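Structure record follows, encoded as structure tokens.
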Number of protein chains: 2
Amino acid sequence: MATTTRAQKEALPFRRVTPTRRGQRPAVALGRLNGHLGYFVRRAQIWIFQDFIRTLARIDISPAQFSVLIVIGANHGLSQIEIAAALGIERARLVRLLHRLESRALIRRLPSSADRRRHALQLTPHGRTVLALAKTLAARHEKRLINKLGAEHHQFLLDTLRDF
Amino acid sequence: MATTTRAQKEALPFRRVTPTRRGQRPAVALGRLNGHLGYFVRRAQIWIFQDFIRTLARIDISPAQFSVLIVIGANHGLSQIEIAAALGIERARLVRLLHRLESRALIRRLPSSADRRRHALQLTPHGRTVLALAKTLAARHEKRLINKLGAEHHQFLLDTLRDF
DNA sequence: TATTGTTATACTCTATAACTATA
DNA sequence: TATAGTTATAGAGTATAACAATA
């Protein structure tokens with residue numbers, strides 16, 4: 001918003017400011033980019049993550065941390081490799097994510113009964129409390145998305161993007 | 001979808017592998033993540049970018065480089081700050097992107113006639129050739145997406161995600 | 001031999017801050 | 001004073017490789 005005056009300031013009046021859809025985009029042609037879904041998916045992802053991060057800023061939970069906490073909370077003693085596979089992240093990266101969550105006392109790594117190579121992951125009581133709050137804030141974020149897109153479009157996006 | 005097996009899982013060998021849509025996702029409950037668009041947009045973005053990168057691997061053009069080349073090619077002597085604003089990237093990051101493209105002789109930074117602080121950006125003849133090939137390969141990538149989603153869903157996604 | 005968790009490395013991306021040369 | 005391009009830094013994310021303990 002309020003970025004619509006950029007062009008006028010420049011050399012001479014010859015730079016026509018086309019009134020773009022939301023007054024956000026400058027008068028620069030995107031050419032073939034307009035037909036490429038990847039470009040718009042990327043921009044949408046950035047927008048959504050920024051809103052998510054802002055909404056959960058006071059409990060300092062990132063989208064990645066949120067997804068890990070949700071999956072640990074919704075399952076029973078998962079191993080790290082199972083979580084990594086479910087969320088499509090590298091197991092090496094998950095190690096660092098879990099270190100942080102463990103150092104904040106949100107999760108615990110218990111020895112797995114069956115296989116001593118594995119850890120069985122759990123939320124701590126404090127982790128459950130924080131996750132509950134995170135869910136409330138995340139729902140607020142999602143409501144903002146629903147308002148922006150309309151409930152049907154939101155649901156359609158959810159259904160369609162699940163295929164990836 | 002496919003999150004209904006949580007209870008059964010906890011007991012013994014009954015770890016039923018629910019036949020998920022594409023046989024990709026393991027039998028781990030995603031819980032609330034299922035209602036969050038950001039999660040699926042992120043996964044879709046990663047999938048799409050990986051396919052794009054693979055498809056353009058032989059000319060070594062990344063999604064970011066492609067978007068920069070497209071915008072330079074579709075406009076007339078843009079400044080760096082205009083490109084950065086159009087694509088929603090930091091001007092500091094654009095500097096490094098352009099260094100690479102310039103060192104590969106795909107673009108040129110010409111002095112701007114009106115404002116000596118600015119560069120006027122152009123494709124080189126070689127840049128035009130590479131961009132033409134990049135467009136062909138990118139179209140092949142996009143066709144794959146259209147086949148995956150169906151033409152109507154693809155168009156709908158394009159229209160809906162443009163709002164961000 | 002293979003797998004799980006771990007450490008380490010490298011490269012990209014994002015977010016800033018600060019510098020210079022121009023305006 | 002402000003802006004355009006640049007440099008530098010720090011943190012996240014991604015992609016690998018390799019190692020120890022265990023299977």
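Just so you know, these numbers come straight off a predicted model, no measurement behind them.
If you measure from atom CZ of A:Arg42 to atom C1' of C:dC13, you get 7 Å, rounded to the nearest angstrom. Regarding B:Leu121, its CG atom lies at a distance of 12 Å from the C1' atom of D:dA4, rounded to whole Å.
Rotation axes derived from the C1' atoms of the five outermost pairs at either end of the helix from C:dT1-D:dA23 to C:dA23-D:dT1 lie 10° apart, to the nearest 10°.
Heavy atoms of B:Ile89 sit nowhere under 4.0 angstrom from any nucleic acid atom.
Of all heavy-atom pairs spanning B:Ile53 and B:Pro63, the tightest one is CG1-CD, 3.7 Å.
B:His119 is linked by a ring-ring contact (aromatic ring centres under 6.0 Å, His included) to nothing, counting only residues two or more places apart in sequence or in another chain. With sequence neighbours excluded, no residue forms a salt bridge (charged side-chain N to carboxylate O under 4.0 Å, His left out) with A:Arg140. With sequence neighbours left out, A:His154 forms a ring-ring contact (aromatic ring centres under 6.0 Å, His included) with no residue at all. A:Asp115 meets the side chain to side chain donor-acceptor pair (under 3.5 Å) test with A:Arg117; sequence neighbours excluded.
Comparing A:Glu90 and A:Arg116, the nucleotide of DNA chain D nearest to each residue sits closer to the 5' end for A:Glu90.
Note that the CG atom of A:Leu98 and the CZ atom of A:Arg91 stand 13.5 Å from one another [nearest 0.5 Å]. Summarising the geometry, atom CG belonging to B:Leu133 is positioned 15.5 Å from atom CZ belonging to B:Arg128; distances are rounded to the nearest 0.5 Å.
Using cut-offs of 30° and 60° on the angle between ring planes, the pair A:Phe52 and B:His36 is perpendicular.
A:Gln50 has a side-chain polar atom (N or O) that falls below the 4.0 Å cut-off from OP1 or OP2 of C:dA15.
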Fill in the blank from the handout: 5' to 3', nucleotides 2-10 of chain C under a 4.0 Å protein heavy-atom cut-off (B base, S sugar-phosphate only, - none) gives BBBBBBB--
